[in-house]
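These notes concern the structure reproduced below.
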Amino acid sequence: RMATPTTTTPTPKAKAASRATPKARKVSGKSDKDSAPAAATCAYHDFEDIQLPELRSALLAWYDTVQRVLPWRRPSGLAAAGGVEELPRNTFAYRVWVSEIMLQQTQVVTVIKYFNKWVSLWPTVADLAGATLDDVRSAWAGLGYYSRAARMLECAKVIMEKHGGDFPDTADGLLALPGIGPYTANAIASIVFDRACGVVDGNVVRVLTRMRAIGAVANGDVCTKHLWRIVHRAVDPARPGDFNQAVMELGATVCTPKKPACGACPVRALCVAQRTESGAALFEAGGAAQKIEYESGAPDCNLCLPADEDRVIAAYPRKAAKKEARDEEIVVAVALGTVAGEEKLLLTQRPATGLLAGMWEFPSGAGPSTDHTSVLAALGKATSVLPQPVKLSACGSVQHIFSHIRATYHVHCWHGELDAVAAADNSRWLTRAEIDASAVSTNMKKVLKHHDETCSVHREAAAPARKRTKATPASASASASASRAKRPAREGARAGGSEKTVLEMFGAASKGRTRAAQTEDDDDDIIMLD
């Protein structure tokens, strides 16, 4: 039997005063209320001891049946019935670590492809420790938040040098490694080493703030500390890793940000937000259905929603006021030189720290589209082989959105024949194939694509090549025959459990968020984990 929440019914006068109070002022993404010391809170913001066995058993039974097959997971329950080769524990720890770092701010369906490529290049932490920073950045290109890649290489080297190649088996030991924060440390400790510790990520935040009607700003100190207390109490001591993955799976596939599938939730009976919105009894007490009226919340509770916000599922988790992205204008030059019939493009390397650290980009400079001063200076530093004076042609503009910057790239280009290419130490002339294999960020790939689509010189140069390679009826027939011949092989690969099989198994659920499913182009409501 669930205990009656210790709420205080406000008087009409108190209610009126509460409603007249404006929303808490936002300070650096948090409200004053959410940064305040803990005060008396409503009991339903946490689980009662008597609820924990039901929470654990219902979640684990559901997870054992419906868990998604992911390349970094060790299946449990019914999912393991088919038999899975048991990895050495340190190899398993390495794979979980790689996946957890990749999954921060990135969608699961995107991570699968990068994860499989990564572990094929570096199957163990020892292999990764021997890689170069350029190789690691290249393998990471397109995932966004590029500093993660450099920290992973640093961490791998520390594990080899200071831990004999073995991952620490406790959360505290893992937390001491570079690039590993509380979430990742607890995830690895629980999933790999069966340590009874909980985790808090974007999915866990969403599930628990709804289940316990926690209305404090989700990334505020008060809410964050409270959620960590809950997960450490709630985690199943016998199966901590599976329990943590079950909560995250629930958030990724059922308790989604929009249109949660409450009817499919295995723990909906314990969800305060769902039962309140549906008008159901919040709990059973003394055999009689009781419903809590808390339209203005407990007056002193800093975990309740503000009095003027509706108590609906969509209100949780409560978001901080979004910081407006600043606008930046950047002039970028796509210099394309042809040497002995081979096309090459000039790129420079960004500084080792800051935004897109160490990534390769086209020479650029800040300023409006009509100001070429900074971009010409960047070209001059990168190479000395361009004929002077350098004349740039405008190709229009393209926009790219970072988490805090709305960047407009004014694209200009230079095309010409060169006897030879030469570049400064931090610059390179690269073919398009070499660009594809290098650590070139998404924004620069977008710039190149825009150039190819808008530059009249490039289109005219490419037109004869397209005409020459136009398929004849005979070549088209041969191509079709080759495609038909390859079809059985592709079907056999799918039947054999290829990467495509994993992707197909996802269905609509593959778009669920396993961390805080975002990319560098879209990081609304990110909860920074580590």
Determine whether [X] and [Y] make a side-chain contact, defined as any pair of heavy atoms from C-beta on separated by less than 4.5 Å.
{"X": "Val205", "Y": "Val200", "answer": "yes"}
{"X": "Leu418", "Y": "Lys344", "answer": "no"}
{"X": "Phe362", "Y": "Leu448", "answer": "yes"}
{"X": "Trp72", "Y": "Ile191", "answer": "no"}
{"X": "Leu87", "Y": "Tyr94", "answer": "no"}
{"X": "Tyr63", "Y": "Val247", "answer": "no"}
{"X": "Pro260", "Y": "Arg210", "answer": "yes"}
{"X": "Leu336", "Y": "His451", "answer": "yes"}

Looking only at non-hydrogen atoms, find the nearest pair between [X] and [Y] and report the distance.
{"X": "Ala252", "Y": "Arg68", "answer": "CB-NH2, 3.6 Å"}
{"X": "Asn244", "Y": "Ser190", "answer": "ND2-OG, 3.0 Å"}
{"X": "Val136", "Y": "Ala131", "answer": "CG2-CB, 3.9 Å"}
{"X": "Leu346", "Y": "Pro363", "answer": "O-CD, 3.4 Å"}
{"X": "Trp97", "Y": "Ala156", "answer": "CH2-N, 4.2 Å"}
{"X": "Gln399", "Y": "Thr408", "answer": "NE2-OG1, 3.6 Å"}

Requested in this report: Tell me yes or no: between the side chains of Ser441 and Asn443, is some donor less than 3.5 Å from an acceptor?
Outcome: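 Yes.
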**Report entry** Working for side-chain hydrogen bond (donor to acceptor under 3.5 Å, both in side chains), residues Thr224 and Asp221
**Finding:** CA-CA 5 Å; Thr224 300; Asp221 292 341; 5.8 Å; no
Donor-acceptor under 3.5 Å ([X] side chain, [Y] main chain):
{"X": "Arg195", "Y": "Pro240", "result": "no"}
{"X": "Arg350", "Y": "Glu361", "result": "no"}
{"X": "Gln388", "Y": "Leu386", "result": "yes"}
{"X": "Tyr316", "Y": "Leu208", "result": "no"}
{"X": "His415", "Y": "Ser393", "result": "no"}
{"X": "Thr209", "Y": "Arg206", "result": "yes"}
{"X": "Arg148", "Y": "Gly179", "result": "no"}
{"X": "Thr383", "Y": "Ala422", "result": "yes"}

Requested in this report: Check the pair Gln104, Thr184 against side chain to side chain contact (heavy atoms under 4.5 Å, CB included), reporting the backbone distance first and the verdict last.
Outcome: CA-CA 10 Å; Gln104 293 174 16; Thr184 304; 3.1 Å; yes
Query raised in the report: Can you pull the salt bridge (Lys or Arg N to Asp or Glu O under 4.0 Å) pairs that have at least one residue in residues 391-411, sequence neighbours excluded?
Result: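 Listed by first then second residue: Glu324-Arg406, Asp327-Arg406.
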Report task. Would you please test Leu227 and Val204 for side chain to side chain contact (heavy atoms under 4.5 Å, CB included) and show each step? Result -> CA-CA 9 Å; Leu227 291 174; Val204 174; over 6 Å; no
Query raised in the report: Trp122 vs Trp118 aromatic rings, parallel, tilted or perpendicular, using cut-offs 30° and 60°?
Result: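 Trp122 vs Trp118 ring planes: perpendicular.
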Query raised in the report: Given His400 and Phe402, is the ring-ring contact (aromatic ring centres under 6.0 Å, His included) satisfied, shown in steps?
Result: CA-CA 7 Å; His400 186 80; Phe402 297 94; 4.7 Å; yes
Report task. Please assess Leu379 against Leu392 for the test side chain to side chain contact (heavy atoms under 4.5 Å, CB included), listing each intermediate value before the final yes or no. Result -> CA-CA 11 Å; Leu379 279 170; Leu392 299 176; 4.1 Å; yes
